Amino acid sequence: MGRLIDLLPLNYSDAVVAIGAALLGIAAGALGVFAVLRQRSLVGDALAHAALPGVCVAFLATGAKDAATLLVGAACAGLVGALLMVAIERTGRVRPDAAIGVVLSSFFSLGIVLLTHIASTNDADQAGLDTYLFGQAAGLLERDLTVMAVLALVALAVVALAFRPLKTTLFDPSFAGAAGLPVRALEVFMTMLLIVAVVIGLRTVGAILMVAMLVVPAVAARQLCDRLALLIPLAAAIGAAVGVAGALIAARAEVPTGPVIVLVGVAVVAVAVLLAPGRGVLWRGRKLLRDRRRALVEGVLVELETTNDAGPPPTARELALASGRRRREVGRALASLDRAGMLARDGERLRLSAAGAAAARAALERRDLWSAWLEHGWRLDLPDAREPDPTDLRASLGDERADALRRLAAAGGGAAR
Amino acid sequence: MSDDLAIVLTAGLVATAAGLLGPFLVLRRVALMSDAVSHAVLPGIVAVYLLFGTRAPLPVIAGAACFAVLCVLGIDALRSTRLVASDAAIALVFPALFALGVLGVTEFASGAHLDLDATIYGEIAFAPFDTLTFGAVEVARSIVLLGAVVLANALLVALLWKELKATTFDPEFARTVGISPALLSRLLLVAVAVTAVAAFESVGAILVVTLLIVPAATAHLLCDRLPAMVVATLAIGWLSAIAGHAAALEADASIAGAMGLVAACCFALALLLSPRRGLLARALQRRRRRRAVRAALSAD
């Protein structure tokens, strides 16, 4: 650990804090995935709050102030809290959210009573205890880093060893039960993993903000990948990056570390939710706009083709009137048809060029194929149960089946019955 | 008014204000939203202090209510992207706001009557020293403020009783008869925010949550009818105030924390001993049933 600290281009205390934050990010990121995917994120909040009385009881029982003893206390209290939550939920009357709330606030009340009690009885030794509330990264020692690293390594190794049963239980608990896995025990085990993460993070970000460290990396990573085996390392990496960035910013600005890490993390989630390729809010918005635009252009193209058949070529205004679209929309669609070389203008009047007419016929054929699919698609023998891609039916069905579909449509609906 | 009486009254009023809202939060399964909202008021208080240099109740309540609404809207916005589950949305939004508040307190407002410990445990022991005078009567400021909040909450619950009940138990029906469940939820959470701010000085951020959730959850174990549940919640709240004060003096510990602890003990007792839903009653019932089955089988 000492060599790692020397390697970083930071002064000693900043390096310790940065490594601590990175360890926390790795552990909380990888282990928080199990809470977020089970939709039990707030259990992490309750466990983090429950750690406070554990720290106090450990202090009262041993009189020791070293981190390891206090964290063992925190872990025990977390375990008791987790079991109580399960017990309360199993009575049936109290819903999960109330059970989490009751455990969280009861343990925290106990913690505060103990904390103030300790403060009033022996004032000299207690000075460090309330740093567990908001965290105090600056108080981390090199020895603490070793403890954190060992804990994180053990937890990650166990996750790697038990990956398959954990994954099965996570995504399909009833199948896991039917397959003979000890589902209850595995669920308690996942909660224990969370406790390990909480214990690792308690000194750095504190009990109240810990939940964000569990949730941020998992939610951000979830926007970027769909496989659990990738999700866990990705979440760990995001967690580490968030931790280090937050710690460095906090050191530079000389403000408390925990809140800065949390704010950096939430900003990362916001960016991921907005920009994630394929599913982010902005990405989906852009795709929606593009699809609308394409539908508009195709609609105007087809309308030009059909009105050209009926009479003299229309003007833009007549086209808008005939199609019931707004003039501005029609204008925009015509402009983009123009750019594609599909229009042949005849003064005010509009005609399709050869390319335009071909495109319109292709569009009409696609539409016919689609209505044929809707009406007769059930008669086709498809190789698998997946729905074909509606934007390009011919390609996804294959030419042979598409032609068969056209023949069915041409033969008329009732004939085959 | 003696100091102890003032403290117990303050505590009781906090419990009353919270107890009027708690049953609805627990029954609507939004107990943890109250947790989120009461954390989210912290940056509101800090922002008002930084912008206007005041801690007067009205501007602070307005600022905090803004942040509470922001918190609820933020959670709704994240949820409506369908990229983030609602529990994760809660767990993302409120720590962010609370972190903002903590930074604000430690950086800009330290030493100015706002400090971190007070945001967690409150300063109920100081309640009797800050007084207002009405004619010849001297009353603690916190009692006046909390009395007003209790009155406001009581009015809200009394005037919207039917609507709250309908949206809590049957949101679909409420929507058909033209009551918007979402609107009432927002209203309830704004009331939670106002209560949280008013109670903030006396019991701190997290203990407001205790008083919002724990007495109501306890009452839920004991009662089947809403009016009975509200009354039971208030009774448990006052019991926690009185017993908590006594216990805190005994142990020389935080009064607010002791109140929360008494409420937690009530919950534990109810969980074990509730006549119909308690763990003990259910275990006995199971045993009786098993015995009855065995008797019926051996009779065959």
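Here the structure is a predicted model, which means the values were calculated and not measured. Convention: sequence-line order gives letters A, B, ...; per-chain numbering from 1.
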Chain B heavy atoms under 4.5 Å from [X]: which part of the residue, side chain, backbone, both or neither?
{"X": "Q39(A)", "answer": "both"}
{"X": "V216(A)", "answer": "both"}
{"X": "R95(A)", "answer": "side chain"}
{"X": "V255(A)", "answer": "both"}
{"X": "D45(A)", "answer": "side chain"}
{"X": "V273(A)", "answer": "both"}

Minimum-distance pair of heavy atoms, taken over all atoms of [X] and [Y]:
{"X": "S109(A)", "Y": "G257(B)", "value": "CB-O, 3.5 Å"}
{"X": "V113(A)", "Y": "A258(B)", "value": "CG2-N, 3.2 Å"}
{"X": "A31(B)", "Y": "D97(A)", "value": "N-OD2, 3.0 Å"}
{"X": "T116(A)", "Y": "S254(B)", "value": "OG1-N, 2.7 Å"}
{"X": "T210(B)", "Y": "S105(A)", "value": "OG1-CB, 3.1 Å"}
{"X": "P259(A)", "Y": "L103(B)", "value": "CB-CG, 3.7 Å"}

Heavy atoms only, distances under 4.5 angstrom: which of [options] has the most pairs with chain B? Name it, please.
{"options": "V215(A), L84(A), V94(A)", "answer": "V215(A)"}
{"options": "P256(A), A267(A), P96(A)", "answer": "P256(A)"}
{"options": "L263(A), V43(A), V266(A)", "answer": "L263(A)"}

To the nearest 0.5 Å, how far apart are [atom1] in [X] and [atom2] in [Y]?
{"X": "L83(B)", "Y": "R279(A)", "atom1": "CG", "atom2": "CZ", "value": "5.0 Å"}
{"X": "L261(B)", "Y": "F107(A)", "atom1": "CG", "atom2": "CZ", "value": "10.5 Å"}
{"X": "D252(B)", "Y": "I118(A)", "atom1": "CG", "atom2": "CD1", "value": "12.5 Å"}
{"X": "I88(A)", "Y": "L279(B)", "atom1": "CD1", "atom2": "CG", "value": "9.0 Å"}
{"X": "L209(A)", "Y": "F94(B)", "atom1": "CG", "atom2": "CZ", "value": "8.5 Å"}
{"X": "D87(B)", "Y": "I100(A)", "atom1": "CG", "atom2": "CD1", "value": "8.0 Å"}

Given heavy-atom pairs under 4.5 angstrom as the criterion, report whether the side chain, backbone, both or neither of [X] touches chain A.
{"X": "L32(B)", "answer": "both"}
{"X": "R29(B)", "answer": "both"}
{"X": "V30(B)", "answer": "backbone"}

Greatest number of heavy atom pairs closer than 4.5 Å to chain A - which of [options]:
{"options": "A264(B), A99(B), S34(B), A88(B)", "result": "A99(B)"}
{"options": "A251(B), A216(B), A217(B)", "result": "A251(B)"}
{"options": "V93(B), V26(B), L221(B), L212(B)", "result": "L221(B)"}

Using only atom types and a distance under 3.5 Å, with no angle test, would you say the side chain of R284(A) pairs donor to acceptor with the backbone of T81(B)?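 Yes, the answer is positive, given that a donor and an acceptor are paired below the 3.5 Å cut-off.
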Side-chain touch I213(B)/V102(A), heavy atoms, less than 4.5 angstrom: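 Sidechains of V102(A) and I213(B): in contact.
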Any ion pair linking D224(B) and R93(A) (charged N to carboxylate O, less than 4.0 Å)?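 Looking at D224(B) together with R93(A), the answer is yes, because their closest N to O distance falls below 4.0 Å.
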